[in-house]
Amino acid sequence: MSAAAGEVLPDIPELAFDTGLPGFPDATRFVLERFGDEGSPFSLLRGLDADGVEFLVVPPTVFFPDYAPEIDDETVDRLGIASPDDALLLAIVTVGEPVESSTANLVGPVVVNRHTRKAAQVLVDELGWDLRQPLVAR
Amino acid sequence: MLVLTRRANQSIMIGNDVVVTVLDVRGDHVRIGIDAPHSVAVHRDEVFKELEQQNRAAASPDKSALAGLDALRPDRR
């Protein structure tokens, strides 16, 4: 099933990543909060554990309207997703220097169940999408 | 590294909850089945390592750099 698109992410006070994220296996609790001016599509995924790591995220369809990966059944089960509306899709942004060279991770999107507040970063084997997809086409 | 030799349809138990089964062997490809609880993440190693690397590169960005990001939005260009 593919997640419903959303241009602005809601604020969510506590998300549970049961297995953390690759590279951060102990980072299991996060806050999702809007970042930037009114109307900014960016949010911050802020870790609540000690040495809380933070990630800048964005709904991938803001920059890539055609991005609609299928989320595997295992993940759907694990996060308790019952319908596409339950799911939010986030892409982690790697901020570049200069900022125009920033990229989005479209191979490892974060899937959030807005109701159960369970989340996971998943691997999506979609043809054509990059681990470092430039936000601005060259 | 613990090294074991298995034939097709033989399995390995890791801890109490993870079972790795060799499903079949064809040429230089081995198909492997993994039974593990949902709390255990299972990934192909090389893709997982790339994902780890990219997460580390993305982690805790310098917030002062973020002012320029909003200007990149397709509706603002």
Side-chain angles (χ1 to χ4, degrees), chain A residues 7 17-25 27 35-37 39-42 44-47 51-58 62-65 74-75 77-79 91-105 107-108 110 118 120-123 125 130-132 134-137, chain B residues 1-2 9 11-77:
Chain A
E7 298 297 90
F17 283 74
D18 288 346
T19 55
L21 285 89
F24 302 91
F35 183 88
D37 300 326
S40 164
F42 294 99
L44 210 55
L45 195 59
R46 187 163 58 79
D51 304 327
V53 67
E54 298 181 337
F55 294 99
L56 186 73
V57 295
V58 74
V62 169
F63 287 91
F64 314 101
E74 173 69 40
T75 299
D77 259 358
R78 191 152 58 101
L79 304 185
I92 295 178
V93 174
T94 303
V95 180
E97 176 61 48
V99 74
E100 289 78 9
S101 65
S102 298
T103 63
N105 183 343
V107 161
V110 171
K118 283 179 169 285
Q121 183 173 27
V122 298
L123 271 169
D125 289 329
D130 223 323
L131 189 66
R132 285 172 280 270
L135 293 183
V136 178
Chain B
M1 177 182 285
L2 176 65
N9 292 314
S11 301
I12 295 166
M13 262 204 89
I14 300 173
N16 290 325
D17 302 317
V18 178
V19 180
V20 177
T21 304
V22 176
L23 298 173
D24 50 53
V25 179
R26 295 174 200 177
D28 59 359
H29 280 64
V30 178
R31 261 193 340 136
I32 301 171
I34 299 119
D35 268 311
H38 289 172
S39 54
V40 177
V42 180
H43 298 288
R44 281 167 294 138
D45 185 60
E46 69 280 8
V47 184
F48 185 81
K49 289 212 157 58
E50 282 187 337
L51 195 52
E52 272 189 335
Q53 216 171 27
Q54 198 56 39
N55 281 347
R56 289 199 194 105
S60 302
D62 173 9
K63 302 240 184 64
S64 64
L66 302 185
L69 260 180
D70 217 30
L72 302 182
R73 286 163 53 186
D75 60 347
R76 293 252 176 109
R77 286 191 240 135

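Lettering of chains follows the sequences in order, A, B, ..., and the numbering in each one begins at 1.
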Interface moiety of [X] toward chain B, non-hydrogen atoms closer than 4.5 Å:
{"X": "A:V53", "result": "both"}
{"X": "A:R132", "result": "side chain"}
{"X": "A:L45", "result": "neither"}

Task: Heavy atoms of other groups near A:D77 CG, more than 12 under 6.0 Å - done: yes
TODO: Would you check if A:F24 and B:E52 make a side-chain contact, meaning some heavy-atom pair closer than 4.5 Å?
DONE: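 With C-beta onward as the side chain, the pair stays apart.
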Open item on the list: Measuring only between side-chain heavy atoms, which start at C-beta, is A:Q121 closer than 4.5 Å to B:N55?
Closed with: yes
Looking only at heavy atoms, which two atoms of [X] and [Y] are closest? And how far apart?
{"X": "B:L72", "Y": "A:V99", "answer": "CD1-O, 3.4 Å"}
{"X": "B:A57", "Y": "A:T94", "answer": "O-CG2, 3.8 Å"}
{"X": "B:A59", "Y": "A:F55", "answer": "CA-CE2, 3.7 Å"}
{"X": "B:L51", "Y": "A:G108", "answer": "CD1-CA, 3.8 Å"}

Task: Top contributor to chain B interface from A:L131, A:D18, A:L21, A:L56 [non-hydrogen pairs under 4.5 Å] - done: A:L131
Task: Spacing of B:Q54 atom CD and A:T103 atom OG1 [to the nearest 0.5 Å] - done: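 If I round to the nearest 0.5 Å, the distance is 5.5 Å.
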Open item on the list: I'd like to know which of B:R56, B:K49, B:Q53 tops the heavy-atom pair count under 4.5 Å against chain A.
Closed with: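 If we count pairs closer than 4.5 Å to chain A, B:R56 comes out on top.
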